[in-house]
Amino acid sequence: MQKEPLILGIETSCDETAASIIQNNGSGVPKILSNIISSQFDVHKEFGGVVPDLAARAHVEKIDLIVKEALKKSGKNFSEIDAVAATAGPGLIVCLTVGLNFAKGLSISLNKPFISVNHLEGHALSPKLHTNLDFPYLLLLISGGHTQFLSVNGLGNYKRLGTTIDDALGEAFDKTAKLLGVDFPGGPQIEILAKKGNPDEYTLPKPIINKGGCNLSFAGLKTAVLKVTKNINYEKEKYNLAASFQKTINEILYKKTKIAFKEFKKINKTKKNAFVVAGGVAANKSIRDILTVASREEKFEPIFPSYDLCGDNAAMIALVGLEKFKLKKFDKLDCPAKPRWPLDKDASFLKGAGVQL
Ligand code: KG4
Ligand code: ZN
């Protein structure tokens, strides 16, 4: 019997050093044999955000160890690996280069193909690590650097329906958290604080809620929170502010998702409409709940990656590597790191949003 392909995935696009081994499983969901993540939370905490040079240095220090750990946990040997996949972008160039060069070196020494992976495609396909999911489907990608609605039509085949015209959603969570005196990355903390507050205490803006199709905007929210924090004792009020912020985000996403459903249906005729919400912010339970309601109302099936696959990880990179491997889409070793690498190549200018993206 022929051996099922075994792929090593490496991820170093930002502040997580990660490696994973996955194995194809016939027509079923691939098996994750290991998924190791080393977070640099402590390295960047005091700076309130990711410092690229420090992140790159931490990747260099950890990458060898993390890859070896992933291999050990998988119970496989280097010689059994069929291809080495690594994130080539988008992300911080100094960070991407570490994982990319490590993967290229391994590919040379193992004499196995090298595959470059778009990090966003990893998030986009991530639910396929635990669910059988057919193309096309609607995707809401909500991470620290990106916020987009896309029609996912196939591997490497994306149509962008809407995007943020300013801050990414994760960025809005993190900046608001900082204003409330919460450590970076504050997104998960806002969710915790919000549970103890009154969501109706503050009225925050919902920029472009009634225009711009399913494009989104979050910068005004952070400014509004900043104004409020100047006039109150935020130590006392941070619970109410977090709750009001979370509620406003939920309302924006609910409304814009409904528009995206319509846009998706205009260009796709599928028997069963699926709606995937992926990226770090997809770990937010309150957002999951409201988007589940929106989906049920419009007869879309809501699909979320498991919580451990929402944030940056290498299993999703190995997954894209596996899909490309099956199509023999290998890359040459001169493949560069790409700090910018949009999923939809035709979406460099979005009509209606009025912004260059
Ligand atoms: O996908 P991800 O791990 O990294 C990027 O590719 O950007 O996303 C990280 C973002 C951060 O902004 C973090 O604060 C946010 O996801 N995040 C959350 C939650 N968990 C992570 N935001 C809101 N609620 C959460 N529970
Ligand atoms: Zn990510």
Side-chain angles (χ1 to χ4, degrees), residues 9-18 20 35 37-41 44-45 48-50 52 55 86-92 95-96 99 117-127 129 139-148 150 163-164 167-180 182-195 218 221-222 225 242-243 245-250 252-253 276-291 304-320 338-343:
I10 294 177
E11 155 65 32
T12 61
S13 66
C14 191
D15 58 343
E16 257 96 29
T17 317
S20 166
N35 188 20
I37 304 174
S38 167
S39 201
Q40 301 175 1
F41 180 68
H44 306 288
K45 201 163 82 175
V50 177
T87 305
L92 299 166
C95 295
L96 290 164
V117 174
N118 183 318
H119 178 88
L120 305 178
E121 184 149 47
H123 281 303
L125 302 194
S126 56
L129 284 164
L139 168 71
L140 170 60
L141 173 63
I142 37 179
S143 69
H146 295 84
T147 300
Q148 301 171 351
L150 295 133
T163 184
T164 176
D167 290 350
L169 186 53
E171 197 182 350
F173 266 95
D174 293 340
K175 285 177 176 171
T176 301
K178 204 170 176 182
L179 292 172
L180 300 184
V182 175
D183 277 348
F184 177 85
Q189 300 299 322
I190 292 257
E191 185 178 8
I192 296 166
L193 294 178
K195 284 187 190 138
F218 301 107
L221 260 119
K222 159 198 74 193
V225 172
F245 175 83
Q246 176 83 62
K247 182 188 168 203
T248 310
I249 293 294
N250 290 356
I252 294 171
L253 291 181
V276 168
V277 186
V281 189
N284 187 293
K285 171 86 170 55
S286 185
I287 289 176
R288 286 180 175 227
D289 289 346
I290 194 76
L291 294 181
F304 304 93
S306 58
Y307 282 97
D308 57 326
L309 295 174
C310 284
D312 290 348
N313 65 85
M316 67 183 194
I317 304 305
L319 172 69
V320 179
K338 303 174 194 168
R340 284 179 57 78
W341 188 1
L343 281 175

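FYI, side chains are in, hydrogens and waters are out, and symmetry mates aren't considered; it's all heavy atoms of this structure. Each ligand, and each atom within it, is numbered from 1 in the order the structure gives. Counting begins at 1 with the first residue of the sequence.
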Show me which atoms of ligand 1 lie under 4.0 Å from any heavy atom of Gly145. 7 (O)
Against heavy atoms of Gly144, which atoms of ligand 1 measure under 4.0 Å? 5 (C), 7 (O), 8 (O), 9 (C), 10 (C), 12 (O)
From the Zn ion (ligand 2) out to just under 2.8 Å, does an N/O/S atom of His119 turn up? yes
Residue Cys14, metal the Zn ion (ligand 2), N/O/S under 2.8 Å: no
Checking side-chain polar atoms at under 3.5 Å, does Asn250 have a donor or acceptor matched by the opposite partner on Ser286? yes
Under a plain distance cut-off of 3.5 Å, with no hydrogens placed, do Gln40 and Ser38 share a side-chain donor-acceptor pair? no
Any idea which of Ala177, Gly280, Ser13 brings a heavy atom closest to atom 8 (O) of ligand 1? Gly280
Just to be sure I'm reading this right: ignoring hydrogens, which of Pro188, Cys14, Ser39, Pro90 gets closest to atom 19 (C) of ligand 1? Compare them by their nearest heavy atoms. Pro188
For His123, which part has a heavy atom under 4.0 Å from ligand 1: side chain, backbone, both, or neither? side chain
Between Asp174 and ligand 1, which part of the residue brings a heavy atom under 4.0 Å of the ligand: side chain, backbone, both or neither? side chain
Expected output: side-chain [X] to main-chain [Y] donor-acceptor under 3.5 Å:
X	Y	value
Thr17	Ile37	no
Ser13	Leu96	no
Glu11	Glu16	no
Gln189	Gly186	no

Between [X] and ligand 1, does any nitrogen or oxygen pair lie at a separation below 3.5 Å?
X	answer
Glu16	no
Gly187	yes
Gly186	no

Ligand 1 contact by His119, heavy-atom criterion under 4.0 angstrom: yes
Would you confirm whether the ring centroid of Phe173 sits within less than 6.0 angstrom of the ring centroid of Phe245? yes
Quick test of your reading of the model: are Asp174 and Lys178 salt-bridged, counting only N-O distances below 4.0 Å? no
To check your reading of the model: name the closest protein heavy atom to atom 15 (C) of ligand 1, its residue, and the distance in Å. Val281 CG2, 3.9 Å
How far is atom 3 (O) of ligand 1 from its nearest protein heavy atom, and which residue and atom is that? Asp312 N, 3.1 Å
Identify the heavy atoms of Phe218 and Ile249 that sit nearest to each other, and give their distance. CD2-CD1, 3.8 Å
